[in-house]
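This report refers to the structure that appears directly beneath it.
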Protein chains: 2
Amino acid sequence: MTDPSGETVVDIARLRRSCGACALSQLCLPATIGHEDMPKLEAAVRQHRPLDAGRTLFAEGSPFNELHVVRSGSLKTVSVQSDGTEQVLGFHLPGDVVGLDAVAEGQHRCTAMTLERTTVCDIPFNAIEDVARRVPGLQRQLYRVISREFVRDQEHLATMGRKQAPERLAIFLKSLSDRRRALGLEPLELTLSMSRSDIGNYLGLVIETVSRLFSRFQDEGLLTVQRRALRILDYDALARLAAGMNDATEGSRQRSPLR
Amino acid sequence: MTDPSGETVVDIARLRRSCGACALSQLCLPATIGHEDMPKLEAAVRQHRPLDAGRTLFAEGSPFNELHVVRSGSLKTVSVQSDGTEQVLGFHLPGDVVGLDAVAEGQHRCTAMTLERTTVCDIPFNAIEDVARRVPGLQRQLYRVISREFVRDQEHLATMGRKQAPERLAIFLKSLSDRRRALGLEPLELTLSMSRSDIGNYLGLVIETVSRLFSRFQDEGLLTVQRRALRILDYDALARLAAGMNDATEGSRQRSPLR
DNA sequence: GCGCTGGCTTGATCAGGGTCAATCCACGGC
DNA sequence: GCCGTGGATTGACCCTGATCAAGCCAGCGC
């Protein structure tokens, strides 16, 4: 939530740079574009100034105009259910594209909210369609990025259906760590930008269960956590737990979820 | 699973027809294409002969070449988890597109299997990309169809996270009914093409719970079900239950899931 | 007819995790 | 300094739905 020391400064410096120089270019849309086509893409992309924590990037029901790419910071997407409760659909880190849900109906099906000070690139959908038509590599990459989000949702679906609470939290934490590694960031030490309540909501657990599990993981030497600061002590054990093999954890009672 | 009387005959007759004449054209890719561009699309689409129940359309890990549109019948998509258990990701009815998960990595992330005698159209992805580049309407419609699947997954996610077992089954049955209505089919009387086990797996419930809930819904006069034959008697009550207001159902104990 | 098989139903029991409630802790205002 | 607030933690209790187990029913081979 706070922006400790240098990280933000670096981002501000990057703001003036192009897609070609962007640290995320391998994950983001320019990935497979040749040098000659880069200016066409860059013409379509708009940069934003950083948003403070808790700001709404787009709201459920609002008209769809552009896709957004997270450049630094993080977002959550939430949707309000018919019974009035909120559902956290996902957390979005640098390199992620948000706004795809809106393409079908022309209006957003969820609300995107910053969890900390966050910078995004805005890409008007019309513009990207035009450029994509002329640059086949971009077209393909756009499909790929969309599909990536799709796969991530399906993995989350499997988590929600089959897994016990401890596995769910382990999967979540492992995924956070893995995504940080993919971004070239320290994977074992991180600041949770979302509240316990967001985590619980996302995983289909109540806040008390999340809290208890953090304490238990800590007792078992998997990690240390104080408020938002998380340090993973035993990544392998966390990964094993996430994979469903709750080994040393609690004796040997192997329990296959849903037979 | 069986093909009772005339329905299949009609489908065979349709097989020879074009996208333009297809009953699904409003839901499928041709939706927003002008007459002049239709032949370009049709050139890319291949028709298949009907597949029997239990056949694999594509398997997890196999290379990605084409998208598939369900024309008649139904499919399920399943993915094998790290612990070896299967997860049913979705059921796909006429008009649905399957295979999108594979665009990101170039190989399928799930297996698609027919639940009954089923006809699909195959669309090589290369071909559709080419045509889409020259026909902006198709391009946009392709995005829309992709996004539609995306939204459906997100809705299912919310179901798995927040809802109690009875709500989950009610949501599932209501959705089946609604999708039939959208296809112009009788919405209140239908044959479940998937087993109890598939339903339970999809909803994150064990088979016994699904069975008990069917019995309970029957006792409450919501529906009748014998084997695969389902008749919805009180759609509104089912819809209320799906929306989280378990009214008459069991007295008045209002229980908000997850606060 | 008979028995087998596989899918489905129903009952009894148990525990994972939700609910309720008290407390703690960090932070900010005054 | 003091208190208020909101997020987080911990404990006691109990309900929903999973587990274990027995039976039912339809279809099929012989």
Side-chain angles (χ1 to χ4, degrees), chain A residues 1-2 53-54 76 85 88 115-116 159-170 191-219 223-230 241 244 246 249-251 253-259, chain B residues 1-2 53-54 85 115-116 159-170 191-219 223-230 241 244 246 249-251 253-259:
Chain A
M1 209 169 284
T2 56
K76 64 174 176 181
T85 59
V88 174
L115 292 167
E116 59 193 314
T159 303
M160 301 287 270
R162 301 259 83 64
K163 308 293 187 178
Q164 304 287 108
E167 294 171 74
R168 292 192 197 184
L169 186 60
T191 303
L192 299 168
S193 59
M194 65 295 286
S195 67
R196 300 289 192 272
S197 160
D198 285 335
I199 297 173
N201 190 308
Y202 176 66
L203 296 176
L205 303 170
V206 293
I207 184 175
E208 294 96 324
T209 302
V210 175
S211 185
R212 269 185 261 269
L213 285 172
F214 269 129
S215 301
R216 183 170 134 188
F217 286 179
Q218 207 159 197
D219 291 347
L223 48 80
T224 63
V225 56
Q226 21 195 345
R227 274 187 89 62
R228 301 285 179 99
L230 179 79
L241 188 51
N246 34 349
T249 305
E250 43 176 313
R253 191 169 44 82
Q254 183 63 302
R255 186 182 166 289
S256 73
L258 284 163
R259 302 209 190 141
Chain B
M1 208 167 284
T2 57
T85 59
L115 292 168
E116 58 193 314
T159 302
M160 301 286 273
R162 301 259 83 62
K163 308 294 187 177
Q164 304 288 111
E167 294 171 73
R168 291 191 199 184
L169 185 59
T191 303
L192 298 169
S193 59
M194 65 294 285
S195 68
R196 301 288 191 272
S197 159
D198 285 335
I199 296 174
N201 190 307
Y202 177 65
L203 295 175
L205 303 171
V206 292
I207 185 175
E208 295 96 324
T209 303
V210 174
S211 184
R212 269 185 260 271
L213 285 172
F214 269 128
S215 302
R216 184 171 135 189
F217 286 179
Q218 205 159 200
D219 292 345
L223 48 80
T224 62
V225 56
Q226 20 196 346
R227 277 184 87 65
R228 301 286 178 97
L230 179 78
L241 189 51
N246 36 346
T249 304
E250 45 175 312
R253 190 168 43 82
Q254 184 62 302
R255 187 180 166 290
S256 72
L258 286 165
R259 295 195 203 156

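Throughout, a chain's letter reflects where its sequence line sits, starting with A, and its residues are numbered from 1. Only heavy atoms go into these numbers, but all of them, side chains included; no hydrogens, no water, no symmetry mates.
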Task: Euclidean distance, atom CD1 of residue Ile207(A) to atom P of dT23(C) [Å, nearest integer] - done: 19 Å
- [ ] Let me know the distance between CZ of Arg227(B) and P of dG6(C), rounded to the nearest Å.
- [x] 14 Å
Open item on the list: Of the options dC8(C), dT10(C), dT9(D), whose atoms approach the side-chain atoms of Arg196(A) most closely?
Closed with: dT9(D)
TODO: Return the value, rounded to whole Å, for the distance between atom CZ of Arg168(B) and atom C1' of dA18(D).
DONE: 12 Å
- [ ] For the side chain of Gln164(B), starting at C-beta, report the closest nucleotide among dT10(D), dT16(D), dT19(C).
- [x] dT16(D)
TODO: For Ser195(B), report the nucleic acid contact type (base, sugar-phosphate, nothing); a contact means any heavy atom under 4.0 Å.
DONE: sugar-phosphate
TODO: Measure the distance from CZ on Phe214(B) to P on dC24(D) and round it to the nearest whole Å.
DONE: 22 Å
Task: Donor-acceptor contact present, side-chain Arg196(A) to main-chain Arg227(A), <3.5 Å - done: yes
TODO: Would you kindly give the CG-to-C1' distance between Asp219(B) and dT10(C), to the nearest whole Å?
DONE: 12 Å
Task: Given dA8(D), dG17(D), dG16(C), the nucleotide with the shortest approach to the side chain of Ala165(B) - done: dG17(D)
Task: Atom pair CG (Leu192(A)) and CZ (Phe214(A)), whose distance is rounded to the nearest 0.5 Å - done: 5.5 Å
Task: Nearest-angstrom distance from the residue atom CG of Leu169(B) to P of dA18(D) - done: 12 Å
- [ ] With the side chain of Ser211(A) defined as its heavy atoms from C-beta on, choose the nearest nucleotide among dT9(D), dG18(C), dC20(C).
- [x] dT9(D)
Task: Protein-nucleotide distance (Phe217(A), atom CZ; dT9(D), atom C1'), rounded to Å - done: 16 Å
- [ ] Can you check whether any acceptor in the base of dC25(D) is under 3.5 Å from a donor in the side chain of Gln226(B), or vice versa?
- [x] no
Task: Backbone of Lys163(B) reached by a side-chain donor or acceptor of Arg168(B) within 3.5 Å - done: yes
Task: Candidate nucleotides dG17(D), dT19(C), dT9(C), ranked by approach to the side chain of Arg212(A) - the nearest - done: dT19(C)
Open item on the list: Among dG18(C), dG7(C), dG16(C), which nucleotide has an atom closest to any side-chain atom of Thr209(A)?
Closed with: dG18(C)
Task: dA8(D) OP1/OP2 closer than 4.0 Å to side-chain N/O of Ser197(A) - done: no
Open item on the list: If you go through the side-chain atoms of Glu208(A), does one of them form a donor-acceptor pair with the base of dC20(C) closer than 3.5 Å?
Closed with: yes
